[in-house]
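In what follows, a single structure is set out as structure tokens and then discussed.
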Amino acid sequence: MHMTTAEIREAFLEYFRSQGHERVASSSLVPHNDPTLLFTNAGMNQFKDCFLGAEQRNYTRATSAQRCVRAGGKHNDLENVGFTARHHTFFEMLGNFSFGDYFKREAIKYAWGFLTEELKLPKEKLCVTVYETDDEAFEIWNKEIGVPAKDIIRIGDNKGAAYASDNFWQMGDTGPCGPCTEIFYDHGEQHWGGRPGTPEEDGDRFIEIWNIVFMQFNRQADGTMEPLPKPAVDTGMGIERVAAIKQGGHSNYDIDIFQTLIKDAAAVVGTDALDNKSLRVIADHIRSCSFLIVDGVMPSNEGRGYVLRRIIRRAVRHGNKLGATDTFFHKLVGPLAAVMGSAGSELKAQQAMVEKVLRIEEENFGRTLERGLKILSDALENLDGKVLDGTTVFKLYDTYGFPADLTNDVAREQGFEIDEDGFKAEMEAQRQRAREAGKFSVNYANVTSIDAKSEFTGYDNIEQWAKVVAIYKEGESVGQLQEGEEGQVILDNTSFYAESGGQVGDTGELIMQDGAFTVTDTKKSGDAIMHIGYVSGGEIHVGEELTASINQERRQAIKLNHSATHLLHAALRKVLGEHVTQKGSQCSFDGLRFDFSHFEGVTVSQMRTVEAMVNDQIRANHEVGTRLMDIEAAKEAGAMALFGEKYDDEVRVVGMGEFSTELCGGTHVNRTGDIGFFKIISEGGIAAGIRRIEAISGEGAIDAMHQLGERLDSLSGVLKSDSKNLADAARNMIERTKWLEKEVERLAGKLAGHEVALLADDAQEIGGVKVVVAKADGIDSKALRSTMDQLKVKLGSGIAVLAVIADGKVTIAAGVTKDLIGKVKAGELVNVVATAVGGKGGGRPDMAMAGGSDIAALPAALESAQAWLSDKL
């Protein structure tokens, strides 16, 4: 039975939902709070903390259709994408997961049941692998599932080390690990290849379609395997591979999604050659590029943005090969959104923005593509050998924006290679680009788990009677802290807000009966709220009851700024476009910082409109309402959710009239009018596609306006003008200054001319050659070169050395007329003087400059120049 890719995706998710799994949406391609990953590259990434035991969710089994990108680091297969059957930059991973719930038996039964009962794949076409010593998995497959022993292949440690097997998975050098079992599909004897474990296993006949990882051990630093108290399951099934089977194909590029995109790509570039591999490249790359942009990545020369730029430019170059004469890549965003179905809903919502980003990037690259290809073609034609040097590869990158792998593509097509090591040497400052993907680096044995929980009561209370449930000092649990000691105190409930969602943590005091703990910051650790600070009097004990009292004035200022960011976010989306999303924020007591995605500069007029819009909403004095809602209901109600952020099933929705509705756990004003006044202080780009606004509100904004007025009054006094005419007064002063600078320059020229005449008149003869060696008083160091040129003209034929002292340094010029450079080189002459005054220099044979710092040595240095010339002449 034929099934579309969309039908397979829905069937998988619904099957596991019916088996008690929570359907979890795909996470962002930019991993949330995980610096160990460049991009999300597996379904388990978003559940990493669940497997580590650092996060508890309200479900113990989950299923997802995770979009993934592998294009960088150890997954850098760009040159193979489009030319093999199963290499992609973007793919979807279907998965089911258990966090200490079911284990081997259920995981195997679920996988087999879905493949053979739901998808109705022929059992005789399937074979499985298990880790060599995993007798339990073997028995389940054989005795309970009924797979013949001949179709169960044991895979051992064939890489020279214990547990170094394709069928043994490890999160890192330490931490959760365990055996795998994999399911393979036999595409038939018409394709070359053998079963896993045979010498022909790398062929294209037997293709892995499902991998089940049994996390059952915690690997210690010494290699010891300790059983995990709660074994877990992580599975993955590539939707493209299964779609190929269900749609009667062999290559992933035969499936409905790719065939649609290939035809659309052929239409926009203007070719009928549907079997051309370049169309596959374009079809693959539009998927990764579009979804990376949706998730906030913008083309740049660093990190994730650099990877995106490489992929875009590779696609554009393949379109160029097919004869594209105009921008085309962005025209595939619409067809992609349509063919991805429900998995493309975020893309459909941001289609216009994605199209614009791709079009701008393609236009920018198009300006240099033709010239760069010409230079590369010429370099390859004139190449002595088969390897293009790294310097040329770097020049193409640095000047023409050609990533090295694009240059390598072109070279490889013509039978050449590139000197990658030489290129890397030239790129030393950038050699870590796109290389951060790798193994998880968390040591599971060292993960600190705080079991204590705290209830936040600070929405309504500034003080809270509470009980100390835990105290930590230097990461260790302790029973008490003495006066002067620093640590973290955890209460059963607290009015202190822990840093989250861009809002800084509260400060204040924990007041005991006979002492106090000064809180300098508040942060979260799991479900616990940590009051960070020091004992300012007495001592504090676990079990003690106290009053948690926040700094109310500071909290109020933070609330104003936090509420202002919600209005700012909404205003930016209305003025700049719906593609604007928050990329970071900080709401403090002294102002706010708001980072947002936008792919071009923001005009002064736009910023003025945004600021006015926010102040309009403040004057409207909307009630700020908060509701607890189901996450899906909140989204349907129009609440703004940040893609990639983690939300509980029940979320807090903050609404400000009809202007702004966002998911937010922070503290806010009661009415927008409480903010008082909003003022933008600065706006600018901080990274490719990311801009930052700094602003202030409330009394801080009023104070800033007073300070601005004071500065204007002070400036008016300096310019002897009133504030209304400051601009005219400043312009007049600038024009006057420019005129004076030109007059000084004119007079300096006249003075230099006079000095040149005097120097020429005092020239001496050495060996029949006119020579001037002198300290030139009254000549500016900036005019020394032009003075030397005038002196050479005045001499007609001669040699000169001039030195001036300015700003504690010596500047030296040496000049030799053209007829004498066969006898004396200006560069050699200038270094005679420069070396003597602690410097060095150089230049042309007829003109050279140098500098030095030893002013006292100048007279002797000039004498040495005369002696040197006497020897030469």
Side-chain angles (χ1 to χ4, degrees), residues 28-30 286 289-300 304-305 308-309 312 327 329-338 340 344-364 502 564-585 592-617 635-645 655-664 678 680 682-695:
S28 168
L29 286 171
V30 178
I286 190 61
C289 293
S290 296
F291 282 105
L292 283 171
I293 295 170
V294 164
D295 288 346
V297 181
M298 293 290 164
S300 73
R304 296 182 176 105
L308 172 59
R309 173 162 284 169
I312 293 172
T327 55
F329 197 45
H330 69 284
K331 297 175 183 177
L332 296 174
V333 177
L336 172 62
M340 289 295 289
S345 57
E346 290 93 358
L347 176 59
K348 194 168 187 62
Q350 300 187 54
Q351 180 178 331
M353 182 272 292
V354 176
E355 288 174 342
K356 187 170 184 180
V357 172
L358 288 177
R359 180 177 53 77
I360 291 173
E361 181 68 13
E362 186 174 0
E363 287 172 349
N364 290 341
T565 62
H566 282 228
L567 297 178
L568 173 62
H569 193 183
L572 286 168
R573 287 172 62 83
K574 287 175 171 60
V575 174
L576 301 181
E578 293 296 309
H579 66 275
V580 169
T581 53
Q582 179 180 327
K583 292 301 174 185
S585 70
L592 64 93
R593 188 182 71 216
F594 189 81
D595 299 342
F596 60 98
S597 58
H598 190 53
F599 42 79
E600 56 190 351
V602 182
T603 67
V604 173
S605 175
Q606 287 172 325
M607 275 296 94
R608 191 172 296 163
T609 302
V610 167
E611 186 178 87
M613 195 175 285
V614 172
N615 281 308
D616 284 345
Q617 296 305 310
K635 290 180 181 179
E636 288 176 10
M640 181 77 143
L642 301 183
F643 194 70
E645 286 292 319
M656 300 180 185
E658 296 182 359
F659 190 75
S660 168
T661 306
E662 289 193 34
L663 306 183
C664 181
F678 173 80
I680 294 175
S682 67
E683 188 281 333
I686 60 170
I690 306 294
R691 304 193 70 80
R692 170 172 293 172
I693 286 176
E694 294 184 347

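Hydrogens, waters and symmetry mates play no part in the numbers below; they use all other heavy atoms, side chains included. This one's a predicted model, so the numbers in the text were calculated from it and none came from an experiment.
Proximity of F596 to L568: side-chain heavy atoms (C-beta onward) are nowhere separated by under 4.5 Å. You'll find the side chain of Q606 stays beyond 4.5 Å of the side chain of V610, heavy atoms only. Using a 4.5 Å heavy-atom threshold, the side chains of F291 and V354 count as separate. Looking at heavy atoms from C-beta onward, H566 lies out of side-chain contact with F659 at the 4.5 angstrom threshold. Here the side chains of E683 and R691 are in contact, with some heavy-atom distance below 4.5 Å. Contact of the I693 side chain with the S682 side chain is not registered, since no non-hydrogen atoms from C-beta on lie closer than 4.5 Å. Residues K583 and T581 have side chains in contact (heavy-atom distance under 4.5 Å, counting atoms from C-beta outward).
Nearest approach of A564 to L592, heavy atoms of both residues: CB-CD2, 3.8 Å. Closest approach of I680 and E611 over heavy atoms only: N-OE2, 2.8 Å. Residues E346 and V294 approach most closely at CB-CG1, 3.8 Å, considering heavy atoms. For the residue pair C289 and F329, the shortest heavy atom distance occurs at SG-CE2, 3.9 Å. Closest of all the heavy-atom pairs between P299 and I312 is CG-CD1, 4.0 Å. Contact between Q617 and L567 at its shortest, heavy atoms only, is CB-CD2, 4.0 Å.
To the nearest 0.5 angstrom, L358 atom CG is 4.0 Å from I293 atom CD1.
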Taking it one step at a time, do E355 and Q351 satisfy side chain to side chain donor-acceptor pair (under 3.5 Å)? CA-CA 6 Å; E355 288 174 342; Q351 180 178 331; 3.0 Å; yes
Under the side-chain contact (heavy atoms from CB on, under 4.5 Å) rule, what do V30 and R304 come out as? Steps first, then yes or no, please. CA-CA 9 Å; V30 178; R304 296 182 176 105; 3.8 Å; yes
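Residues forming a side-chain contact (heavy atoms from CB on, under 4.5 Å) with S345 (at least two apart in sequence, or on another chain): none. Checked against ring pair (Phe, Tyr, Trp, His ring centres under 6.0 Å), F594 has the following partners two or more places apart in sequence or in another chain: H569. Partners of R359 under the side-chain contact (heavy atoms from CB on, under 4.5 Å) rule, at least two apart in sequence or in another chain, are H330, K356, E363.
Side-chain atoms of E694 do not come within 3.5 Å of backbone N or O of R593 as any donor-acceptor pair. Side-chain N or O atoms of S290 include one that pairs as donor or acceptor with a backbone N or O of I286 at under 3.5 Å. The main-chain N or O of L29 is found under 3.5 Å from a side-chain atom of D295 such that the two form a donor-acceptor pair. One N or O on the side chain of R573 and one on the backbone of V580 form a donor-acceptor pair closer than 3.5 Å. A donor-acceptor contact shorter than 3.5 Å links the side chain of N615 to the backbone of F678.
One finds a salt bridge joining R309 and E361 here, because a Lys/Arg side-chain nitrogen approaches an Asp/Glu carboxylate oxygen to under 4.0 Å.
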